Amino acid sequence: MKTVRIGSGAGFSGDRIEPAVELAERGALHYLGFECLAERTTALAQQARRKNPAVGFDPLLIARFKAVLPAAVKNCVRIITNMGAANPLAAAKTVAAIARDMGFKNLKIAAVEGDDVLDHITGSDLPLIERQGRVSDLAGRIVSANAYLGVEPIIEALAAGSDIVVTGRVSDPALFAAPLIHEFGWGMEDWDRLGQSMVIGHLLECSSQVTGGYFADPGYKNVANLARIGFPLAEVREDGSAMLTKVEGSGGEVSLRTCKEQLLYEVHDPAAYIQPDVVANLSTVSLEQVGPDRVAISGGSGRAKTDTLKVTIGYLDSYVGEGQISYAGSGARARGQVALDIVEERLKLTRVPIEELRLDMIGVNAVHRGAAVGSYPEPAEVRIRVVGRTQSMADAIRIGNEVESLWLSGPAGGGGATKSAREVIAAASTLLERDVVKPRVSYEVVS
Amino acid sequence: MRLREIAHARAGDKGNISNISVIAYEAGDYAFLAEHVTVERVKAHFSDIIGGKVERYELPNLGALNFVIHQALGGGVTRSLSLDAHGKSLSSSLLEMELPDPQKERDR
């Protein structure tokens, strides 16, 4: 029976590069997917592109392709990635230039565009999803709007013989599901097969999060050799069943518990995991450990796709100013509290217009939240953190300044003061009629 | 007994919504989890940080519960003022939840 082997070379833009090279060299792969596009990345990339039309793609694209291309070309591993970000065409041209520089020949590189729907979103009054409000609330501040494309333009590119497919915004699982659908010829209304392909894609899309990353908890969940963690690969059969594993000898683990955690990661209703091509059902999935670092995945199902596509809108939200300073030794927590009280009062006295203020004590309550906070012994040291939202950079800067002034005017022994201020490009989401979104594919050839 | 003794968890974010999976280490503990780790208890556990509803999805075949917590992330990862803007650490926080001792429950 035909088997397709597909690996995951990246689960976020800053992911490690060596595990992807290891997969290309030793994974006996047919395909290698790289998922590198977070929610707000496209907005930042769009801003970069406006300043320079030759950029706007993933900043690590060049390093990743230089590292992976030799093994990928040698072993005929086709690459699919959303590293095109806001400029897939420039990304494809750049990949072609790298390939020529490295002396490779006979490569076809596809650029998938059409996710940019800024013209359709600007001036619309669609409701936002996953938060309150409407698109019109963001009027005048929108910098980008990109629809999540599905598998079809990637399949078109593969059917045209592309060795490398570079996209902008597509659904993350689609990067991995598209080659499976292409290879096995599954129908675009074969909802159960499409659903299972999204299960496989979802398990692969975050790279090491299914091979023991974001998982270890000493004494409860011990994982060996995390510094050498292997990225996942799936051996997929024509009936859609898959074996999830990693390159032998790499670190980490592939087990029922790593697969269960990743299966539900960023999922709401498991029976309705909405993708551009199908509404997948993860609740019917069966997992079986069939050997060391080998888990069989089957039973994913699905039903007909929705009439809309999810759109991520990047917009200028606000400015954020922040300051931090540390206190140590006996009474550290009490001195930290005095410091927080001083800064809070100073910001009022000096009338800094702050929309939202957060006063944290790192080591006590800055990260940890919920009912259990407060049930711990006195910390040996604390670091206070004051962070506030403003409508101007000048006001944001004043927040850090008030923390910095604790050097001289705060409680005893304050050390390591730092401050920062930044513009916040935030992401919001809405749903757009799918018919108005027109994906298109173009090609660069290295002859 | 803390939830951590019988289950592991992972948090994920979408917009201003956090989801936290709670997965039994042993399949036999799933019914106990489903009985005690309720929407009400999770809502109370995070009462100081969440502004919206809490939903629970049951996955008996995985021995897992999936909690979806609305208005949980200070506006979402891209604008939250929180040091942990994704709310990744909410999973560890949830595992601190105190549960009845299962042995005593059985003897009851």
Side-chain angles (χ1 to χ4, degrees), chain A residues 38-40 43 128-132 206 209 214-215 217 220-221 256-257 259-271 282-287 299 312 314-315 317-318 320 322 324 356-358 360 362 366-373 375 385 387-389 424-429, chain B residues 2 4-5 8-25 41-42 44-50 52 55 57-66 68 70-84 87-98:
Chain A
E39 265 196 331
R40 97 175 111 187
L128 300 177
I129 59 167
E130 296 161 5
R131 62 180 261 187
Q132 320 295 316
C206 292
Q209 278 199 181
Y214 191 37
F215 179 81
D217 192 357
Y220 291 81
K221 297 184 289 181
L256 290 181
R257 50 192 198 169
C259 290
K260 286 177 185 177
E261 283 198 16
Q262 188 54 26
L263 187 67
L264 295 175
Y265 179 67
E266 291 183 343
V267 168
H268 293 170
D269 180 355
L282 315 183
S283 72
T284 53
V285 169
S286 296
L287 305 173
T312 299
Y315 69 98
D317 181 273
S318 54
V320 166
E322 178 175 339
Q324 298 186 7
E356 185 186 351
L357 183 68
R358 206 182 146 99
D360 287 335
I362 297 173
V367 173
H368 192 31
R369 291 169 286 184
V373 173
S375 61
R385 172 176 181 265
V387 54
R389 190 186 313 286
V424 177
I425 300 293
S429 300
Chain B
R2 286 182 176 172
R4 181 177 192 218
E5 301 302 323
H8 54 110
R10 176 172 292 193
D13 71 287
K14 274 199 195 304
N16 199 16
I17 303 171
S18 173
N19 88 286
I20 309 176
S21 60
V22 177
I23 304 162
Y25 281 110
R41 288 227 47 204
V42 170
H45 190 81
F46 291 122
S47 61
D48 54 343
I49 59 161
I50 62 175
E55 297 164 302
Y57 296 96
E58 298 170 10
L59 295 122
N61 57 332
L62 299 179
L65 302 169
N66 188 39
V68 178
H70 294 255
Q71 297 176 50
L73 297 173
V77 60
T78 55
R79 70 187 302 272
S80 168
L81 298 184
S82 174
L83 191 58
D84 172 19
K88 301 258 186 196
S89 60
L90 293 175
S91 55
S92 307
S93 179
L94 185 58
L95 291 179
E96 299 289 279
M97 181 184 280
E98 282 291 340

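Here the structure is a predicted model, which is why all the values come from computation and not from measurement. Order of the sequence lines sets the chain letters (A, B, ...), proteins ahead of strands, with each chain counted from 1.
Side-chain atoms of R79(B) and V320(A), non-hydrogen and from C-beta on, never get closer than 4.5 Å to each other. Considering only heavy atoms from C-beta on, H268(A) comes within 4.5 Å of I17(B) through its side chain. Contact check for Y220(A) versus H8(B): no side-chain heavy atoms found under the 4.5 Å cut-off. K14(B) is not listed as a side-chain neighbour of E39(A), based on a closest heavy-atom distance of 4.5 Å or more. Contact annotation: the side chain of R358(A) approaches that of S82(B) to within less than 4.5 Å [non-hydrogen atoms, C-beta and beyond]. Looking at heavy atoms from C-beta onward, H70(B) lies out of side-chain contact with E130(A) at the 4.5 angstrom threshold.
The contact between R385(A) and chain B is made entirely by side chain atoms (from C-beta outward), counting heavy-atom distances below 4.5 Å. In this structure, chain A has heavy atoms under 4.5 Å from both the backbone and the side chain of L81(B). Proximity to chain A involves both the backbone and the side chain of L62(B), based on heavy atoms less than 4.5 angstrom apart. Only the side chain of Q132(A) comes within contact range of chain B, with heavy atoms under 4.5 Å apart. Interface residue L263(A): only side-chain heavy atoms are found under 4.5 Å from chain B. Only the side chain of L59(B) comes within less than 4.5 Å of a heavy atom of chain A; its backbone N, CA, C and O stay farther away. Proximity to chain B is absent for every atom of S286(A), based on heavy atoms less than 4.5 angstrom apart. The contact between L287(A) and chain B is made entirely by side chain atoms (from C-beta outward), counting heavy-atom distances below 4.5 Å. If you measure heavy-atom distances from I362(A) to chain B, the contacts under 4.5 Å come from the side chain alone. Within the 4.5 angstrom heavy-atom criterion, no atom of S429(A) approaches chain B. Using a 4.5 Å cut-off between heavy atoms, A11(B) touches chain A through backbone and side chain atoms alike. Both the backbone and the side chain of D269(A) come within less than 4.5 Å of a heavy atom in chain B. Contacts of N61(B) with chain A are made by side-chain atoms alone, with heavy-atom separations under 4.5 Å and no backbone atom involved. In this structure, chain B has a heavy atom under 4.5 Å from the side chain of V424(A), while its backbone stays farther away.
With rounding to the nearest 0.5 angstrom, the OG atom of S91(B) is 5.0 Å from the OH atom of Y214(A). Interatomic distance, R10(B) CZ to Q262(A) CD, rounded to the nearest 0.5 Å: 5.0 Å. Rounding to the nearest 0.5 Å gives a distance of 9.5 Å between CG of L65(B) and CG of L264(A).
Of all the listed residues (L90(B), D48(B), I49(B), N66(B)), the one sharing the greatest number of non-hydrogen pairs under 4.5 Å with chain A is N66(B). Highest contact tally toward chain A, considering only H45(B), E98(B), E96(B), is held by H45(B) [criterion: heavy-atom pairs under 4.5 Å]. Across L282(A), V285(A), D317(A), the residue that shares the most heavy-atom pairs under 4.5 angstrom with chain B is D317(A). For the set D84(B), L73(B), N19(B), the count of heavy-atom pairs under 4.5 angstrom toward chain A peaks at N19(B). Listed options N16(B), V77(B), I50(B) were ranked by heavy-atom pairs under 4.5 angstrom with chain A; first place goes to N16(B). Your options are R2(B), M97(B), E5(B), K88(B), and the one with the most heavy-atom pairs under 4.5 Å with chain A is K88(B).
Of all heavy-atom pairs between A427(A) and T78(B), the closest is N-OG1, 2.9 Å.
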*Begin with the C-alpha distance, continue with both residues' side-chain angles, and end with the deciding distance and a verdict on side chain to side chain contact (heavy atoms under 4.5 Å, CB included) for E261(A) and I23(B).*
CA-CA 8 Å; E261(A) 283 198 16; I23(B) 304 162; 3.6 Å; yes
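Panel note: side chain S89(B), backbone V367(A); a donor-acceptor pair is recorded below 3.5 Å.
Side-chain contact annotation: Q71(B) with R131(A), donor-acceptor N/O pair under 3.5 Å absent.
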